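On a predicted model such as this, the values are computed, not experimentally measured, just so you know. All chains are named by letter (A, B, ...) in the order of the sequence lines, taking the proteins before the strands, and each is independently numbered beginning at 1. Basis for what follows: all heavy atoms, side chains included, without hydrogens, waters or symmetry-related copies.
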Amino acid sequence: FGLVGSPLTILEALLSAENATGLTTISNNVGEPGKGLGRLLLEGKIRRAIGSYFTSNPDVMERYRCGELETRLVPQGTLAEAIRAGGAGLGGFYTKTGVGSDLAEGREVREIDGELYLFEMPLRADIALIRAHRADTLGNLTYYKTARNFNPDMAAAAEVVVAEVDEIVEAGALDPEHVVTPHPYVDFLVRSEIRLGIDAGPLLDQAGGG
Amino acid sequence: FGLVGSPLTILEALLSAENATGLTTISNNVGEPGKGLGRLLLEGKIRRAIGSYFTSNPDVMERYRCGELETRLVPQGTLAEAIRAGGAGLGGFYTKTGVGSDLAEGREVREIDGELYLFEMPLRADIALIRAHRADTLGNLTYYKTARNFNPDMAAAAEVVVAEVDEIVEAGALDPEHVVTPHPYVDFLVRSEIRLGIDAGPLLDQAGGG
Amino acid sequence: MSASAVMHDIARRVARHLEPGDVINLGIGIPTLVADHVPEGVKVFLQTENGMLGAGPTPEPGKVDLELINAGKLPVTEDVGAAYFSSSESFAMIRGGHVSVAVLGALQVDRLGRIANWAIPGKPILGVGGAMDLLVGAKTVVVATTHLTKKEEPKIVEECSFPLTGARPADLIVTEHATFSVDEGGLVLEEVAPGSSYEWVRSHTPAPFRNSPTLEAV
Amino acid sequence: MSASAVMHDIARRVARHLEPGDVINLGIGIPTLVADHVPEGVKVFLQTENGMLGAGPTPEPGKVDLELINAGKLPVTEDVGAAYFSSSESFAMIRGGHVSVAVLGALQVDRLGRIANWAIPGKPILGVGGAMDLLVGAKTVVVATTHLTKKEEPKIVEECSFPLTGARPADLIVTEHATFSVDEGGLVLEEVAPGSSYEWVRSHTPAPFRNSPTLEAV
């Protein structure tokens, strides 16, 4: 969803990392033009993008046309569920979403209890760069409003998880009932240095589209 | 897990409901001997039980031996995931759990990325009787410690959901970040009249076993 | 009517079909406007697929929270009794049948009520979002669309030339000229909009349709 | 040694293999005792499959919260930095490989390190719990068991006569007499317990095993 829920500070750091290149991204879109993941794209660091709504960043379209970017388009719910399945140790799942559409072409379709379902495989990443709100020193995380989105799902589905947060508090300061991502999922914490709408510039010029 | 997370007040009411009979239950165990679901069992109201650990209630064993109770035994993680799949509109999923065991006999096994997985179907109920902690007047729910267990999963996977709660508060009194079960899942609220360990009697005489 | 007035008119006509307590999800474009036309006394709950139930109206200027947005990336507010959740939980809610009404836009609708709203042939297919999930998951699917394209070509056609979003037909199709329901036989004209005429609808709708028995004499 | 002292001895020997930061899940019986023997300075986090990470020690009498229990239904406390979650989230954590060490009991272990710990032939099979999920999901599976049954029959056998819990072998098998690791070839004797002897282990272990190169001269 644009830049909301994006770890902008970490992405900024990736820009200057010379060996961070040829990346495959799993993200609903690829940021905004020139911002967040969109900036990494412009720097030629992304080779393959898995997502559900690239249309909101015209740079994706252009790189795709030049053959500089491979894309894999997945319905948003299937993307979220595939990431969850990756984190939950499942081998795959069946969903009704996409049956009868072009995205089902060449895919396994199965009739279950009289309805048609598409088979989908789990998605996992080597590294997840996620955005949360508060972390305790153990790595327990809470999120902020709709910046939660794919972050808790992705936190479970990667070998290494780096969480960018607004605030780091002592272990014990988060109510155990309110922890959304428990600490075993989180490997590194980074304090955010980029505030949306201030350091990242206006966001709302690109409204419309997932 | 015994009676923890069980809607004891609702179950008590079911005892006196004459047409509540021939029930199929989806529950990790079948309560404790003579308590919770265990009491419904003694009254002959349960015909079929789906769960993962019936051993903790000897009455289940006895009814099963007499042929008065059908059981379907499922690994606990598969049970939880099947309920979640039921609530999430999925057609089924693949899990490694149970592969190579007697519970895999006659089941579909599939090799995915070099590993063997069992196919599992989703589980749904006609009615879910769940136990939560706080509800607002819309039906948003929070839970209490380990009494959460299967309740949020089951809340999503039933046609009608009745939640027994300790307290009903005004809409707006629960922090939107802390709601575990959003209100569209919940149809009816019942205030709990049975407190664990007081009205329900001691619980800890049956420790050991899921 | 201006284009904007037409869009609001369609949104208003859709909103009349909402019932108290409905959990609704609104697509981008005309569907988003439905929120402004919910009849008084009808309390509905807005689900946005990026992970919120209970999205409230657009915030006043100066009160925008940049991390509180809907799936169309527009700023929203928190309604009383709202809840946040992750994307996988949001789509579990959608696919699991817990959204009462999804209002979707459409590029085309076919004779069986099936919709095409995500891709244009000949262009690279780079966006699908949550449209396919909402189509299969919502209890009721309402299409909110202008009757004609900007080039004045009919959108309700025999066969879609654009790729279908899914096999499931919509339940209701609302344009500025007409309202159709959908049954096993296909489209059923339920209403001709005030200011339009049966003849206009007939001549601008290439898809075959039957007339509802409750359709007022035309 | 009393039966209880033997159980604690096994638990203590298992606990020596834990590392700081490990997320551990303990089965019923001897595994549960491991929590009491975690070496000082080694901070581990106890996951209980009924939906908690960070379960603390047994509460003092009078401070029992009846709705704060482990998967064995025993009362526990809240450790600093704990978290609660649902059953499906708990097993997602387990199957997804986020539990470092599962300590399980066993009725039998075979020559390949595969375990039988959930059913007895001839009896109705009425309980499996989370054993199969933990076996396939935990990064490291440690079996904590007495070397012999109460009837003094060996538990580490050529082939299990009891039904297997799954195809995955354990990584480590710890008894009061010996510790075995498991590789592709089967069991490897890593250690003979102080007070026991190589001869005792050899004669009470029908399953073939090799000696580890690091095994002290015997």
**Q** Heavy-atom distance under 4.5 Å between the side chains of Y117(A) and V136(C), does that happen here?
**A**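 In short, these two side chains do not touch, never coming nearer than 4.5 Å.
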**Q** Distance alone, cut at 3.5 Å: any donor-acceptor contact between the side chains of T97(A) and D133(C)?
**A**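 Side-chain D/A pair, T97(A) to D133(C): present.
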**Q** Would the number of heavy atoms belonging to other residues, nucleotides or ligands and lying under 6.0 Å from CD of E158(C) be above 12?
**A**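 Enclosed: over 12 neighbouring heavy atoms sit under 6.0 Å from CD of E158(C).
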**Q** Can you see whether S88(C) engages D153(A) through a side-chain donor-acceptor pair at a distance of less than 3.5 angstrom?
**A**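 D153(A) and S88(C) do have a side-chain donor-acceptor pair below 3.5 Å.
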**Q** Taking all atoms of both residues into account, what is the closest heavy-atom pair of P163(C) and D102(A), and its distance?
**A**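 Minimum heavy-atom separation between P163(C) and D102(A): CB-OD2, 3.3 Å.
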**Q** Indicate yes or no: at least one non-hydrogen side-chain atom of K96(A) is less than 4.5 angstrom from one of R95(C).
**A**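 No, their side chains stay 4.5 Å or more apart.
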**Q** Taking the side chain as C-beta and beyond, is there a heavy-atom pair between M52(C) and R148(A) under 4.5 Å?
**A**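 Heavy-atom side-chain distance check fails, nothing below 4.5 Å.
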**Q** Which atoms of L68(C) are under 4.5 Å from chain A, going by heavy atoms: the side chain, the backbone, both sets, or neither?
**A**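 For L68(C), heavy atoms of backbone and side chain both lie under 4.5 Å from chain A.
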**Q** Under the criterion salt bridge (charged side-chain N to carboxylate O under 4.0 Å, His left out), I'd like the reasoning laid out for R168(C) against E115(A): C-alpha separation, chi angles, the key distance, then a yes or no.
**A** CA-CA 11 Å; R168(C) 177 191 169 169; E115(A) 290 221 63; over 6 Å; no
**Q** Could you look at T165(C) and say if it's the side chain, the backbone, both or neither that has a heavy atom under 4.5 Å from chain A?
**A**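 For T165(C), backbone heavy atoms alone lie under 4.5 Å from chain A.
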**Q** Check E67(C) against Y144(A) and note the closest heavy-atom contact, atom names and distance.
**A**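 Nearest heavy atoms, E67(C) then Y144(A): OE1-CD2, 3.4 Å.
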**Q** Looking at OG1 of T146(A) and CG of D65(C), how far apart are the two atoms once the value is rounded to the nearest 0.5 Å?
**A**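 Taking OG1 in T146(A) and CG in D65(C), the distance rounds to 7.5 Å.
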**Q** Looking at P75(A) and M132(C), what are the two nearest heavy atoms and their distance?
**A**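 That closest heavy-atom pairing would be CG-SD, 3.8 Å.
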**Q** Does any backbone or side-chain atom of V180(A) lie under 4.5 Å from a heavy atom of chain C? Answer side chain, backbone, both or neither.
**A**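 No part of V180(A) comes within 4.5 Å of chain C.
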**Q** About how many Å separate OG of S87(C) and CG of N151(A), when rounded to the nearest 0.5 Å?
**A**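 Between atom CG of N151(A) and atom OG of S87(C) there are 8.5 Å.
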**Q** Picking from S101(A), A104(A), A82(A), which has the most non-hydrogen pairs under 4.5 angstrom with chain C?
**A**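 Among S101(A), A104(A), A82(A), the one with the most close pairs to chain C is S101(A).
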**Q** Would F91(C) and T78(A) satisfy side chain to side chain contact (heavy atoms under 4.5 Å, CB included), going step by step from the backbone distance to the final call?
**A** CA-CA 8 Å; F91(C) 283 95; T78(A) 302; over 6 Å; no
**Q** More than 12 foreign heavy atoms under 6.0 Å from OH of Y64(A): is that the case here?
**A**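 Atom OH in Y64(A) is not crowded, with 12 or fewer foreign heavy atoms closer than 6.0 Å.
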**Q** Looking at E89(C) and R84(A), is any side-chain nitrogen of the basic one under 4.0 Å from a carboxylate oxygen of the acidic one?
**A**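 No, R84(A) and E89(C) are not salt-bridged.
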**Q** Where the side chain of S52(A) meets the backbone of V128(C), is there a donor-acceptor pair that is under 3.5 Å apart?
**A**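 Not confirmed, S52(A) side chain does not pair with V128(C) backbone.
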**Q** Can you tell me how far NZ of K145(A) sits from CD1 of I69(C), rounded to the nearest 0.5 angstrom?
**A**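 Here the rounded value is 13.0 Å.
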**Q** Of all the heavy-atom pairs spanning P152(A) and S86(C), show the shortest one and how long it is.
**A**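 Heavy atoms only, the tightest pair is CG-CB, 3.9 Å.
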**Q** About how many Å separate OH of Y84(C) and OG1 of T142(A), when rounded to the nearest 0.5 Å?
**A**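 Reported value, rounded in 0.5 Å steps: 13.0 Å.
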